[in-house]
Amino acid sequence: DKTPYNWVALPRILEVFPQAQFIHLVRDGRDCAVSIVDAKIAGDLPTAARRWVQAVAACRRFSAGLGERRFLEVKYEDLVQSPDATLRQVCGFLEIAFTPKMLDFHEDADELGDSILPHHGNLRRPLFSSSIGKWHRRLSEEEQRRVMDIVSEALAELRYI
């Protein structure tokens with residue numbers, strides 16, 4: 001399920017599905033902050049950046065007790081720039097067969113039922129990488145500094161910087 005706010009429910013999801021495997025799709029927090037504001041999930045960049053830090057920290061804390069067979073962290077940038085290789089890694093983690101049709105998810109997106117939600121809008125499109133680094137283009141130098149003050153520690157832990 002591609003719902004960014006699911007991090008809040010991770011312990012409950014595990015309680016209901018004790019054998020569940022989790023994939024944390026993590027993205028550069030600077031780009032996420034811009035997207036969170038664009039989607040009107042947060043009203044300003046500092047709030048969006050703090051939400052990203054909070055979500056990443058919660059997911060990583062949650063993963064600590066699961067081990068590598070139950071939790072996989074994948075970078076969004078790897079997925080959109082090398083979708084075949086990244087999806088093969090995900091399939092290996094899930095112990096399912098890879099098929100190239102998986103990359104055509106956008107053709108059947110409306111069958112998911114919630115693809116009309118604003119944060120699912122891109123599900124109808126093939127993978128694209130043009131959103132990578134959009135914070136460079138969209139944020140002023142002052143906005144970049146303010147966001148970096150909030151996300152830099154997490155970005156370093158995730159090896160973005």
Side-chain angles (χ1 to χ4, degrees), residues 1-17 20-64 66 70-83 86-87 90 102-161:
D1 180 32
K2 181 203 172 286
T3 303
Y5 203 62
N6 274 350
W7 67 269
V8 173
L10 288 173
R12 179 70 177 136
I13 293 169
L14 184 59
E15 183 180 317
V16 173
F17 301 102
Q21 292 176 281
F22 297 85
I23 301 168
H24 180 210
L25 184 63
V26 67
R27 183 176 171 204
D28 186 313
R30 298 162 291 192
D31 285 335
C32 276
V34 173
S35 290
I36 289 168
V37 171
D38 286 350
K40 297 180 180 19
I41 296 169
D44 59 76
L45 286 166
T47 300
R50 284 190 293 276
R51 280 189 173 188
W52 178 83
V53 169
Q54 183 181 24
V56 168
C59 288
R60 296 189 113 204
R61 276 192 310 273
F62 176 78
S63 74
L66 292 178
R70 304 278 309 281
F71 190 92
L72 176 67
E73 192 167 77
V74 175
K75 286 189 176 179
Y76 165 85
E77 295 81 4
D78 293 340
L79 178 62
V80 299
Q81 291 177 323
S82 302
T86 305
L87 194 51
V90 168
M102 292 174 173
L103 295 170
D104 298 329
F105 62 90
H106 59 284
E107 294 174 0
D108 302 316
D110 289 332
E111 292 178 24
L112 297 173
D114 62 354
S115 62
I116 61 169
L117 297 173
H119 65 279
H120 288 179
N122 286 329
L123 287 175
R124 291 191 193 100
R125 297 176 59 186
L127 290 176
F128 59 94
S129 60
S130 60
S131 291
I132 296 174
K134 71 179 174 181
W135 65 275
H136 284 291
R137 301 180 297 276
R138 298 272 307 278
L139 302 181
S140 69
E141 286 186 25
E142 176 57 29
E143 289 171 323
Q144 289 180 28
R145 276 192 295 278
R146 286 194 348 242
V147 169
M148 278 301 289
D149 286 345
I150 298 166
V151 302
S152 62
E153 186 176 322
L155 288 176
E157 286 177 17
L158 293 164
R159 294 190 172 107
Y160 277 99
I161 55 172

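Within the 4.5 Å cutoff, the side chain of Val37 has no heavy atoms near those of the Arg138 side chain. The shortest distance between side-chain heavy atoms of Trp135 and Val147 does not fall below 4.5 Å. Proximity of Leu14 to Arg70: side-chain heavy atoms (C-beta onward) are separated by under 4.5 Å at one or more points. Using a 4.5 Å heavy-atom cutoff, the side chains of Asp28 and Leu155 are in contact. At a threshold of 4.5 Å between non-hydrogen side-chain atoms, the residues Tyr76 and Ser131 count as touching.
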Discussion item. Could you go through Ile41 and Arg51, starting from their C-alpha distance and side-chain angles, then the distance that decides it, and tell me whether this counts as side chain to side chain contact (heavy atoms under 4.5 Å, CB included)?
Written reply: CA-CA 10 Å; Ile41 296 169; Arg51 280 189 173 188; 3.0 Å; yes
Discussion item. What verdict does the side chain to side chain contact (heavy atoms under 4.5 Å, CB included) test give for Tyr160 and Val151, after you've listed the backbone C-alpha separation in whole Å, the side-chain angles of each residue and the deciding distance to 0.1 Å?
Written reply: CA-CA 10 Å; Tyr160 277 99; Val151 302; over 6 Å; no
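Remark: Arg145 CZ is packed, more than 12 non-hydrogen atoms of other residues, nucleotides or ligands lying under 6.0 Å away. Around the CD atom of Glu141, the shell of radius 6.0 Å holds no more than 12 heavy atoms that belong to other residues, nucleotides or ligands. Taking a 6.0 Å sphere around CD of Glu153, one finds it holds 12 or fewer heavy atoms contributed by other residues, nucleotides or ligands. Within 6.0 Å of CZ on Phe128 lie more than 12 heavy atoms contributed by other residues, nucleotides or ligands.
Between Asp31 and Gly133, the closest heavy-atom pair is OD2-N, 2.8 Å. Minimum heavy-atom separation, Ala33 to Ala49: CB-N, 4.1 Å. Counting all heavy atoms, side chain and backbone alike, Arg27 lies closest to Ser35 at NH1-OG, 3.2 Å. Taking both residues in full, the closest heavy atoms of Gln144 and Leu139 are given as NE2-O, 3.0 Å, listed atom of the first, atom of the second, then distance. Closest approach of Ile161 to Ser152, counting heavy atoms only: CD1-O, 3.5 Å. The minimum heavy-atom distance linking Pro11 with Phe62 is given by the pair N-CE1, 3.9 Å.
Separation of atoms CD (Gln81) and OG (Ser129) is listed at 5.5 Å; rounding is to 0.5 Å. The structure places CD of Glu77 at 11.5 Å from OG of Ser82, a figure rounded to the nearest 0.5 Å. Atom CG of Leu87 sits about 5.5 Å away from atom CG of Leu103, to the nearest 0.5 Å. Here the CG atom belonging to Leu66 is positioned 12.0 Å from the CG atom belonging to Leu72, to the nearest 0.5 angstrom.
Side-chain atoms of Glu73 never come within 3.5 Å of backbone atoms of Val26 as a donor-acceptor pair (strictly under, hydrogens ignored). A donor-acceptor distance shorter than 3.5 angstrom exists from the side chain of Thr86 to the backbone of Asp78, with no hydrogens or angles considered.
Salt-bridge annotation for Glu143 and Arg146: absent, with no side-chain N of the basic residue lying under 4.0 Å from a carboxylate O of the acidic one.
Ring geometry for Phe71 versus His24: interplanar angle of 30 to 60°, hence tilted.
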